[in-house]
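The shown structure was predicted, so the numbers you read here are calculated from the model rather than taken from an experiment. All values below come from the heavy atoms of this structure, side chains included, with hydrogens, waters and symmetry mates left out.
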Amino acid sequence: FMKRRKKWSHYPPGPVSLPFIGTMLYIDFRNPHLSFSQLQKKFGNIFSLQNCWTNLVVLNGYKTVKEALVHRSEDFADRPYVPIYEHMGYGEKSEGIIIARYGHAWKELRKFTLSTFRNFGMGKKSLEDRVTEEAGFLCSAVSSEKGRPFDLRFLVNNAVCNVICTTVYGERFDYGDETFKKLIHLFEKSLNEEAGFLPQLLNVVPILLRIPGVPQKVFRGQKAFMDFIDVLINKHMETWNPAYIRDFSDAFLKEMEKGKVAEESGFNYNNLRLVTADLFIAGSETTSTTLRWALLYMLLYQEIQSKVQAEIDKVIGRERSPTMKDQVNMPYTSAVIHEVQRYGNVIPIGLPHMTYRDTELQGFFIPKGTTIIINLSSVLKDEAVWEKPNEFYPEHFLDANGQFVKPEAFLPFSAGRRACLGEQLARMELFIFFTTLLQKFTFVVPEDQPRPREDGHFALTSSPHPYLIQAVPR
Ligand code: HEM
């Protein structure tokens with residue numbers, strides 16, 4: 001007892017906790033990274049909070065985050081239980097990947113997903129072929145706007161969702177397709193439902209979710225999104241032929257056929273729904289939001305756009321489609337894309353982790369089962385690392401000779417055991433969509449429009465406020 005008490009005396013400092021609500025009033029849940037930044041100034045890189053009776057520790061700055069996620073990787077590899085997702089089917093027997101507890105099923109599902117994505121190849125087309133084909137559709141759709149001002153958000157969203165849909169469900173949708181529009185709308189709605197104070201409260205006081213009608217009412221978009229995923233999967237199962245793997249869902253179904261051992265590793269019907277939904281959730285909004293930031297910065301920094309276009313013209317020309325092989329010859333474009341990810345800061349507070357065992361970090365004691373917030377924003381804008389943390393400055397990723405360099409603190413995909421599983425696909429999409437668009441068009445602010453805002457809107461991801469764009473063919 002004395003030993004444990006001594007350990008607790010090294011628990012990270014934090015603001016005074018009030019009865020029942022803990023420290024929740026100190027946090028602006030619509031802009032949590034900004035609240036964290038202020039608390040970091042007061043309490044240092046490791047500080048504690050309390051959401052009602054749930055203990056949280058927030059990790060800030062590159063050095064601290066690296067030490068936790070890389071050097072003590074297993075200690076920080078668990079995820080907290082998220083009651084608000086239960087109504088979608090997440091539970092003890094099937095947890096998908098993103099919110100799965102650290103353990104056997106998560107390991108197996110993650111390994112399987114990574115290797116299936118790596119071997120795509122699935123069916124006839126490689127992942128890169130799929131992305132290149134979709135970039136072509138995207139450019140045609142942008143062309144058909146005929147230089148008029150428009151909101152590019154819907155087209156970019158469609159394109160990115162289509163990459164996931166073809167890879168996972170073997171289907172792509174035309175941009176005008178009403179069902180697809182509905183899906184994207186539902187998805188956006190479901191993300192908004194998770195932001196703010198109420199979902200946080202429901203997570204820490206899950207008994208409130210037992211009040212009849214509450215989950216259905218608060219998370220209407222999530223429920224409808226999941227119903228849509230079910231339709232896609234059911235349609236898929238009807239046309240399934242075990243001899244021919246068309247896409248990720250087929251590969252998963254084949255794994256399920258392997259019987260009891262596979263079942264114990266999480267390959268069951270409910271996980272087919274949840275893992276594919278996870279890939280959709282994790283892989284669409286993040287990538288399309290990053291692309292929207294990229295185009296916004298090109299509007300705001302025309303001289304940078306011109307430099308990227310000059311490099312595209314030199315290395316690829318105006319006709320040939322960009323390929324991933326071009327990337328090594330395009331240091332400036334690579335630097336711009338990386339700076340978009342750093343400055344755009346799309347997942348400012350990462351996804352919550354949880355300590356898997358009692359651990360210690362920089363002299364602080366953090367007990368098993370503590371929720372850990374990885375403040376990625378504080379890493380991507382760490383003043384100790386970046387020359388101009390609060391400016392859009394592609395030179396962060398260029399050396400004195402103009403060659404591409406990647407500082408270690410570039411962690412938009414996080415790090416360690418739970419690091420983003422789709423990094424490779426995301427990087428491919430960012431490079432191919434971005435270069436194809438800038439090869440074909442110059443993007444400008446329409447004459448009658450104000451200069452778009454550079455700050456973000458937070459709803460799990462930080463995304464640009466809506467803006468209109470004009471695409472001038474080159
Ligand atoms: C997890 C970033 C695209 C699948 C994550 C995490 C981050 C992230 C920060 C949390 C890591 C942690 O908990 O420490 C991004 C960004 C993307 C992107 C910035 C695009 C620019 C994708 C894509 C996919 C994907 C395209 C898949 C198709 C996942 C999955 C996880 C994850 C499954 C959960 C991993 C686990 O818990 O084991 N991502 N991601 N992501 N991402 Fe991504």
- With a 6.0 Å cut-off on ring centres, are Phe225 and Phe280 close enough? yes
Please check if the side chain of Ser35 supplies one atom and the backbone of Asp28 the other of a donor-acceptor pair under 3.5 Å.
-> yes
Donor + acceptor pair across side chains of Arg417, Ser73 (<3.5 Å):
yes
Quick note, side-chain hydrogen bond (donor to acceptor under 3.5 Å, both in side chains) partners involving residues 379-388, not counting sequence neighbours, are none
In the structure I gave you, are the side-chain heavy atoms of Leu376 and Ile349 within less than 4.5 Å of one another anywhere?
no
Answer yes or no: is there an ion pair linking Arg130 with Glu134, defined by an N-O contact shorter than 4.0 Å?
no
Can you check whether Pro464's main-chain N or O pairs, donor with acceptor, with His457's side chain at less than 3.5 Å? no
* So with a 6.0 Å cut-off around CD of Glu145, is the heavy-atom count from everything else above 12? -> yes
Check: Val142 and Leu155 side chains under 4.5 Å, non-hydrogen atoms: yes
On a heavy-atom basis, the closest approach of Asp399 and Val405 is N-CG2, 3.9 Å
Hits for side-chain hydrogen bond (donor to acceptor under 3.5 Å, both in side chains) against Asp78, two or more places apart or cross-chain, chain-then-number order -> Arg101
request  = For residues Phe404 and His338, establish whether the separation of their ring centroids is below 6.0 Å.
outcome  = yes
In terms of heavy-atom contacts, Ser284 and Val160 come closest through O-CG1, 3.5 Å
Does the pair Ser377 and Asn345 meet the rule for a side chain to side chain donor-acceptor pair (under 3.5 Å), with working shown?
-> CA-CA 6 Å; Ser377 184; Asn345 185 21; 3.0 Å; yes
*asked:* Pair Tyr332, Glu395 - check side chain to side chain donor-acceptor pair (under 3.5 Å), show working.
replied: CA-CA 8 Å; Tyr332 190 74; Glu395 285 70 17; 4.6 Å; no
Do the charged groups of Arg453 and Asp455 touch, with an N to O distance under 4.0 Å?
yes
*Is it true that Glu311 and Lys314 make a salt bridge, defined as a side-chain N closer than 4.0 Å to a carboxylate O?*
no
Run Asn270 and Ser94 through side chain to side chain donor-acceptor pair (under 3.5 Å) and show every step you take.
CA-CA 6 Å; Asn270 201 25; Ser94 22; 2.9 Å; yes
- request: Could you tell me whether Lys235 and Glu171 make a salt bridge, using a distance below 4.0 angstrom between a side-chain N and a carboxylate O?
  value: yes
Taken in chain and number order and not counting sequence neighbours, the residues that satisfy side chain to side chain contact (heavy atoms under 4.5 Å, CB included) with Lys66 are Tyr62, Val70, His71, Glu408
Ala262 and Glu255 have their tightest heavy-atom pair at CB-O, 3.3 Å
Given the options Thr435, Val328, Asn329, Thr333, Val315 meets side-chain contact (heavy atoms from CB on, under 4.5 Å) only with Asn329
Under 3.5 Å side-chain donor-acceptor pair for Arg246 and Thr239
yes
_Centroid separation under 6.0 Å, is that true for the rings of His33 and Phe36?_
no
Is it the case that over 12 heavy atoms from other parts of the model lie below 6.0 angstrom from the CD atom of Glu447? no
For Val340 and Thr290 the tightest heavy-atom approach is CG1-O, 3.6 Å
Sorted by chain and number, sequence neighbours left out, side-chain hydrogen bond (donor to acceptor under 3.5 Å, both in side chains) with Arg318 holds for Asp313
*Is the gap between the ring centers of Phe154 and Tyr175 under 6.0 Å?*
no
Residues pairing under salt bridge (Lys or Arg N to Asp or Glu O under 4.0 Å) where one sits in residues 284-308, two or more places apart or in two chains, turn out to be none
* To do: In sequence, state the C-alpha distance, the side-chain angles, and the governing distance for Ser288 and Asn157, and then conclude on side chain to side chain donor-acceptor pair (under 3.5 Å).
  => CA-CA 5 Å; Ser288 69; Asn157 238 336; 3.1 Å; yes
* Donor-acceptor contact below 3.5 Å, side chain Gln449 vs main chain Pro149 -> no
Is Asp177 reaching over with its side chain to a backbone N or O of Phe180, donor-acceptor style, under 3.5 angstrom? yes
Using distance alone, with no hydrogens and no angle criterion, decide if Asn375 and Gln40 have a side-chain donor and acceptor under 3.5 Å apart.
-> no
On a heavy-atom basis, the closest approach of Met226 and Leu274 is CE-CD2, 3.8 Å
Do the ring centers of Phe458 and Phe29 come within less than 6.0 Å of each other? no
Interatomic distance, OH@Tyr467 vs CG@Leu300, rounded to 0.5 Å, equals 9.0 Å
- request: Check whether any side-chain N or O of Ser140 sits under 3.5 Å from a backbone N or O of Gly136 as a donor-acceptor pair, and report yes or no.
  value: yes
Residue set satisfying ring pair (Phe, Tyr, Trp, His ring centres under 6.0 Å) with Tyr102, at least two apart, ordered chain then number -> Trp106, Tyr356
*Around Gln38, counting heavy atoms of other residues, nucleotides and ligands shown, do more than 12 lie under 6.0 Å from its CD?*
no
Looking only at heavy atoms, the pair that brings Leu109 and Gly266 closest together is CD2-O, 4.0 Å
